[in-house]
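Letters A, B, ... mirror the listed sequences (proteins, then strands); counts begin at 1. Owing to the predicted nature of the structure, the values given are computational and were not obtained by experimental measurement.
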There are 2 protein chains.
Amino acid sequence: MVVDQLRETELDRLFQAFADATRRDIVRRVTVGEYTVSGLAGLYAMSFAAVQKHVAVLERASLVTKEKRGREQIVRGNHEGLQKARRLLDEYEAIWRQRVGRIADILAEG
Amino acid sequence: MVVDQLRETELDRLFQAFADATRRDIVRRVTVGEYTVSGLAGLYAMSFAAVQKHVAVLERASLVTKEKRGREQIVRGNHEGLQKARRLLDEYEAIWRQRVGRIADILAEG
DNA sequence: CTGATCTACAACCATTTGGTTGTACAATAG
DNA sequence: CTATTGTACAACCAAATGGTTGTAGATCAG
């Protein structure tokens with residue numbers, strides 16, 4: 001085992017980041033436009049600190065970036081993480097289609 | 001808020017299920033071939049019960065199905081869950097491309 | 001300068017997660 | 001029948017997660 005430890009923990013973080021509805025919503029919003037952390041915090045029925053933590057999780061997963069502007073912190077969507085997650089699911093799809101193809105072949109031969 | 005609670009918890013489970021390297025490996029394997037629960041358990045440096053729990057998590061997320069055959073339980077990949085996760089990431093990709101398109105338009109006009 | 005605002009972070013708490021061992025039971029093998 | 005195998009599940013544990021409040025430092029407004 002221990003195939004590619006770095007990549008694996010990276011994927012752990014990515015999918016973990018997606019595994020929360022609030023974080024998915026944040027990703028959607030900051031992809032479309034720009035938000036400050038407190039701008040985001042205003043959208044959800046939870047404390048500022050909670051939202052701040054969610055943003056930190058997304059940042060660690062390379063799904064958003066933060067950029068300081070004065071006393072504010074601008075949160076933006078980051079394509080990098082999204083692409084990586086998508087690529088993995090694409091692989092799985094490909095594996096699935098191969099399998100379905102093999103079964104079709106077997107049925108065709110039988 | 002509270003957009004579509006059912007779908008949201010479904011997605012929570014899906015991405016949570018993907019957020020573990022062992023579970024991702026199980027999904028890959030059972031998509032290619034068939035495994036019993038103990039067949040899978042033999043592959044990893046952890047107890048049978050631990051692997052059994054991982055399979056249960058994947059089952060709840062609609063990423064695998066189990067079918068009893070004698071005293072064995074056959075685990076197979078389930079396309080349903082995979083498709084749902086993939087569809088969401090596709091949406092996000094689409095949003096991203098729209099945004100990039102808008103920016104390109106603005107630059108073209110400017 | 002002073003006060004309000006934005007952010008960061010620590011400390012705390014309840015719940016979930018990912019693992020363990022042990023027990024129980026059904027199905028198969030001898 | 002008996003022993004073994006495959007599975008399920010409960011109980012337990014340490015660590016992580018998702019939330020809270022409180023404190024403190026920067027930056028901005030007046």
Side-chain angles (χ1 to χ4, degrees), chain A residues 1-2 5 8-27 29-30 33-76 81, chain B residues 1-2 5 8-27 29-30 33-76 81:
Chain A
M1 280 323 104
V2 186
Q5 194 53 50
E8 291 300 325
T9 42
E10 199 188 347
L11 289 170
D12 288 356
R13 281 191 202 139
L14 256 170
F15 286 109
Q16 181 59 38
F18 271 117
D20 180 282
T22 302
R23 286 196 293 262
R24 288 193 298 274
D25 194 63
I26 291 176
V27 169
R29 289 178 182 273
V30 301
E34 282 184 3
Y35 286 81
T36 65
V37 178
S38 50
L40 287 169
L43 301 170
Y44 310 103
M46 66 183 76
S47 69
F48 172 83
V51 174
Q52 200 184 340
K53 279 192 184 181
H54 281 309
V55 173
V57 169
L58 291 170
E59 198 180 11
R60 258 172 65 91
S62 304
L63 282 169
V64 308
T65 60
K66 284 193 303 190
E67 187 194 343
K68 203 162 183 171
R69 191 170 65 194
R71 70 183 155 188
E72 299 180 327
Q73 199 79 263
I74 310 297
V75 183
R76 296 199 183 84
Chain B
M1 286 315 108
V2 186
Q5 196 53 50
E8 291 300 326
T9 42
E10 198 187 348
L11 289 171
D12 288 356
R13 281 191 200 139
L14 256 170
F15 286 109
Q16 180 60 38
F18 272 117
D20 179 282
T22 302
R23 287 196 292 262
R24 288 193 297 273
D25 194 64
I26 291 175
V27 169
R29 288 177 182 274
V30 302
E34 281 182 5
Y35 285 81
T36 63
V37 178
S38 51
L40 287 170
L43 299 171
Y44 309 102
M46 65 183 75
S47 70
F48 173 83
V51 174
Q52 199 184 340
K53 278 193 186 179
H54 281 309
V55 172
V57 169
L58 291 170
E59 197 180 12
R60 256 173 65 94
S62 304
L63 282 169
V64 308
T65 59
K66 284 192 302 186
E67 186 195 343
K68 203 162 185 172
R69 190 170 65 194
R71 69 182 155 188
E72 298 180 329
Q73 198 80 264
I74 308 296
V75 183
R76 296 198 183 82

When we call it a touch if two heavy atoms are under 4.0 Å apart, what does [X] touch: a base, just sugar-phosphate, or nothing?
X        : value
Ala56(B) : nothing
Lys53(A) : base
Ser47(A) : base
Thr36(A) : sugar-phosphate
Ala41(B) : nothing

Inset, instruction - Report the distance from atom OG of Ser62(B) to atom CD of Glu10(B), rounding to the nearest 0.5 Å. - result: 6.5 Å
With a 4.5 Å cut-off on side-chain heavy atoms, are [Y] and [X] touching?
X        : Y        : answer
Phe18(B) : Arg24(B) : yes
Met46(B) : Lys53(B) : no
Val55(A) : Gln73(A) : no

Inset, instruction - Could you work out which one of dG19(C), dC9(D), dG19(D) sits closest to the side chain of Ala49(B)? - result: dC9(D)
Legend entry - Given DNA chain D, 5'-ward residue of the pair Val57(A) and Gly70(A), judged by closest heavy atom: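 Between the two, 5'-proximity favours Val57(A).
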Inset, instruction - Take Lys68(A) and Val51(A), find for each the nucleotide of DNA chain D with the closest heavy atom, and name the residue whose nucleotide sits nearer the 5' end. - result: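 By nearest-heavy-atom nucleotide position, the 5'-most residue is Val51(A).
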Below 4.0 angstrom from OP1 or OP2 of [N], is there any side-chain N or O of [X]?
X        : N       : answer
Ser38(A) : dT5(C)  : no
Gln16(B) : dG18(C) : yes
Lys66(B) : dA8(D)  : yes
His54(A) : dG19(D) : yes
Arg71(A) : dA4(C)  : no

Once you round it to whole Å, what is the distance between [atom2] of [N] and [atom1] of [X]?
X        : N       : atom1 : atom2 : value
Met46(A) : dT21(D) : CE    : P     : 13 Å
Arg69(A) : dT7(C)  : CZ    : C1'   : 15 Å
Phe48(B) : dA24(C) : CZ    : P     : 17 Å
Glu72(A) : dT27(D) : CD    : P     : 13 Å
Gln52(B) : dG6(D)  : CD    : P     : 13 Å
Arg60(A) : dC9(C)  : CZ    : P     : 13 Å
Gln73(A) : dT27(D) : CD    : P     : 11 Å
Tyr35(B) : dT7(D)  : OH    : P     : 14 Å

Legend entry - Worked check of side-chain contact (heavy atoms from CB on, under 4.5 Å) between Ile26(A) and Tyr44(A): CA-CA 10 Å; Ile26(A) 291 176; Tyr44(A) 310 103; 3.4 Å; yes
Inset, instruction - Among Val30(B), Thr36(B), Thr65(B), Val27(B), find the residue that satisfies the side chain to side chain contact (heavy atoms under 4.5 Å, CB included) test when tested with Val75(B). - result: Val30(B)
